[in-house]
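Not measured: the values here are computed from a predicted model.
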Amino acid sequence: MILTPSPELSVVVPTFNERENIQELVHRLAETLQAIRWEVIFVDDDSPDGTAALVRSIAQRDPRVRIIHRIGRRGLSTACVEGMLASSAPFLAVMDADLQHDERILPAMLRAVKDDGYDIAVGSRYVAGGSLGEWGEERQFASQFATRLSRLVLKAGVKDPMSGFFLLKREVLEGVVADLSGIGFKIMLDIFASSTKPLRYIEIPYEFRIRQAGESKLDSAAVWDYLMMLLDKSLGRYIPIRFIPFALVGGAGVFVHLLVLWLVYDLAGYGFATGQTAAAVIAMTFNFFVNNAVTYRDRQLRGWGMLRGWLSFTLACSLGAVANVGIATYAFETQLVGETAWVLSAIAGIIVGAVWNYAVTSVYTWNKVKGA
């Protein structure tokens, strides 16, 4: 039996609606990596444009092409991690499918990591010889601002920490994979921030190209995910990072509650109990839909799952309200919090209620399996 040598390099490409770029990217990789045993692993999040089907058809003709077709899961970072873990190659590269990354520097990146002892090689737009290409001033400003923000968590002086184009040793991934946040779209920044030891890195310049086909995935949701990743790497060791937006949404829900109470009780003239009930239900519904769209956007509930989620959320928050009142009343009546008893008692109740609501709904409303 003749055994085919396993690939030395796996190129992982996360995709969503990139069908028009796939054939050209495979062609360019084949041209560039002729002297290297390589494979490309496309990780597709069930693109409606048929990206996975096209990759599968190419893979039947070219064994160097592989597909991981994910159902019910979304996210660039998790797609990259899943693709890298599915490979047996000692060297792993990550690049976009939109042809903006210059595949021609992959051999130099591999030599730097394989022969020169670096842990990771970064395709960089911000070192001599690199550039942002034809990006407009607004896009350049946004990139530079995001780069400055990354300094809050970065443990290295990488000039282009926002790069989505890099190559690393497998052992580097294995050393950090358990600590990766998996949030957002900048997996390389996550790797640097999660490493317990300094990584030896080199930045190799390239000029960022314009997108050939399809649409950019950079939107407000991607920006939100990036901010959540930064918070996770800075505060995640102390509190669950989702608790922060969950609590902020809860704070907004207080204003919704008061507004509805005012409209029903004070303006419309209904009884206080009626106004309070309507306000509680509407505020909890508001909190559910905003959390579903923002806090748990990667586990977003849809269809009948949304109705089930709303019911479990309102039930959990109702019990949380009982806990809130109980703790606050106990703290007030026993004078556990001193002279400003009513204020601190109320705060204690709010905290207990918020923690309860977060803990219970994260398990029963946005369960990782059911809500994915």
Side-chain angles (χ1 to χ4, degrees), residues 1-15 18 21-23 25-45 51-52 55-56 58-70 75-97 99 101-123 163-180 182 186-192 194-195 197 199-204 206:
M1 182 174 64
I2 300 176
L3 298 178
T4 303
S6 61
E8 179 180 39
L9 171 67
S10 289
V11 181
V12 176
V13 183
T15 60
E18 296 286 1
N21 295 317
I22 299 301
Q23 190 75 60
L25 177 58
V26 173
H27 172 72
R28 293 185 183 188
L29 289 174
E31 287 289 313
T32 299
L33 303 175
Q34 293 184 37
I36 299 168
R37 297 194 318 274
W38 65 279
E39 67 176 355
V40 58
I41 304 175
F42 292 95
V43 186
D44 185 68
D45 286 354
T51 296
V55 174
R56 199 171 287 113
I58 297 173
Q60 290 183 344
R61 305 188 302 271
D62 189 341
R64 298 171 299 185
V65 178
R66 295 172 54 194
I67 177 69
I68 296 176
H69 189 169
R70 306 202 305 175
L76 284 172
S77 287
T78 56
C80 293
V81 172
E82 195 165 328
M84 288 189 284
L85 290 177
S87 165
S88 62
F91 303 101
L92 307 164
V94 170
M95 65 185 301
D96 291 345
L99 306 178
H101 293 154
D102 189 348
E103 73 288 337
R104 292 174 297 180
I105 68 170
L106 281 169
M109 296 168 77
L110 179 61
R111 285 194 299 272
V113 173
K114 178 182 176 182
D115 300 329
D116 299 336
Y118 291 100
D119 295 312
I120 183 168
V122 179
S163 176
F165 186 22
F166 61 93
L167 188 152
L168 76 168
K169 296 177 180 176
R170 167 168 294 281
E171 50 263 38
V172 173
L173 173 70
E174 293 173 346
V176 302
V177 68
D179 298 314
L180 295 175
K186 292 304 177 184
I187 181 63
M188 191 192 76
L189 176 59
D190 201 351
I191 290 171
F192 270 102
S194 300
S195 179
K197 63 179 182 179
L199 297 177
R200 290 197 63 206
Y201 67 90
I202 184 172
E203 296 189 70
I204 297 177
Y206 79 102

Using side-chain heavy atoms (C-beta onward) and a distance below 4.5 Å, is H27 in contact with E31? yes
Begin with the C-alpha distance, continue with both residues' side-chain angles, and end with the deciding distance and a verdict on side-chain contact (heavy atoms from CB on, under 4.5 Å) for V13 and E18. CA-CA 10 Å; V13 183; E18 296 286 1; over 6 Å; no
Return the set of residues passing ring pair (Phe, Tyr, Trp, His ring centres under 6.0 Å) with F166 (not counting sequence neighbours), or none when no residue passes. none
About how many Å separate CG of L92 and NZ of K169, when rounded to the nearest 0.5 Å? 12.5 Å
Could you pull out the closest heavy-atom pair between C80 and V94, with the gap in Å? SG-CG1, 3.6 Å
Between V55 and D44, does the side-chain contact (heavy atoms from CB on, under 4.5 Å) criterion hold? Intermediate values first, please. CA-CA 9 Å; V55 174; D44 185 68; over 6 Å; no
Run the side-chain hydrogen bond (donor to acceptor under 3.5 Å, both in side chains) test on S10 and R66 for me, step by step, so that the C-alpha distance in whole Å, both residues' side-chain angles and the decisive distance to 0.1 Å come before the verdict. CA-CA 10 Å; S10 289; R66 295 172 54 194; 5.4 Å; no
Are F42 and V26 close enough that some pair of their side-chain heavy atoms sits under 4.5 Å apart? yes
From L167 CG over to M188 CE, what is the distance, rounded to the nearest 0.5 angstrom? 12.0 Å
Looking at I105 and G123, what are the two nearest heavy atoms and their distance? CD1-CA, 4.0 Å
Can we say D119 and R200 salt-bridge, meaning some charged N sits less than 4.0 Å from an Asp/Glu carboxylate O? no
Minimum heavy-atom separation for T32 and P107, please, with both atom names. CG2-CD, 3.6 Å
What is the minimum heavy-atom distance between L99 and R28, and which atoms define it? CB-NH1, 3.9 Å
State, with a plain yes or no, whether a side-chain heavy atom of L173 is found less than 4.5 Å away from one of L85. yes
Can you tell me how far CZ of F91 sits from CD of E8, rounded to the nearest 0.5 angstrom? 6.0 Å
For V122 and S163, which heavy atoms make the closest approach, and how far apart are they? CG1-CB, 3.9 Å
Side chain to side chain donor-acceptor pair (under 3.5 Å) filter on R111, not counting sequence neighbours, yields none
Work out which heavy atom in P90 is nearest to a heavy atom in P7; give both atom names and the distance. CD-O, 3.8 Å
Look up atom CG in L9 and atom CE in M109, then write down how far apart they are to the nearest 0.5 Å. 9.5 Å
Beyond-backbone contact of D96 with N21, side-chain heavy atoms, under 4.5 angstrom: no
Contact between V177 and M84 at the side-chain level, heavy atoms closer than 4.5 Å - yes or no? no
Would you please test I187 and L76 for side-chain contact (heavy atoms from CB on, under 4.5 Å) and show each step? CA-CA 8 Å; I187 181 63; L76 284 172; over 6 Å; no
Please tell me if the side chains of L110 and L106 come closer than 4.5 Å, counting only heavy atoms from C-beta onward. no
Without swapping roles, check the side chain of D102 against the backbone of R104 for a donor-acceptor pair under 3.5 Å. yes
Side-chain heavy atoms of I58 within contact of I67, under 4.5 Å: no
How long is the straight-line distance from OG1 of T15 back to CD1 of I41, given to the nearest 0.5 Å? 12.5 Å
Which of parallel (below 30°), tilted (30 to 60°) and perpendicular (above 60°) describes F192 and Y201? perpendicular
Worked verdict on R170 versus S87 for side-chain contact (heavy atoms from CB on, under 4.5 Å): CA-CA 9 Å; R170 167 168 294 281; S87 165; 3.6 Å; yes
Could you state the interatomic distance from CG (D45) to CD1 (I68), rounded to the nearest 0.5 Å? 10.5 Å
Could you tell me if the side chain of I202 sits less than 4.5 Å from the side chain of D116, heavy atoms only? no
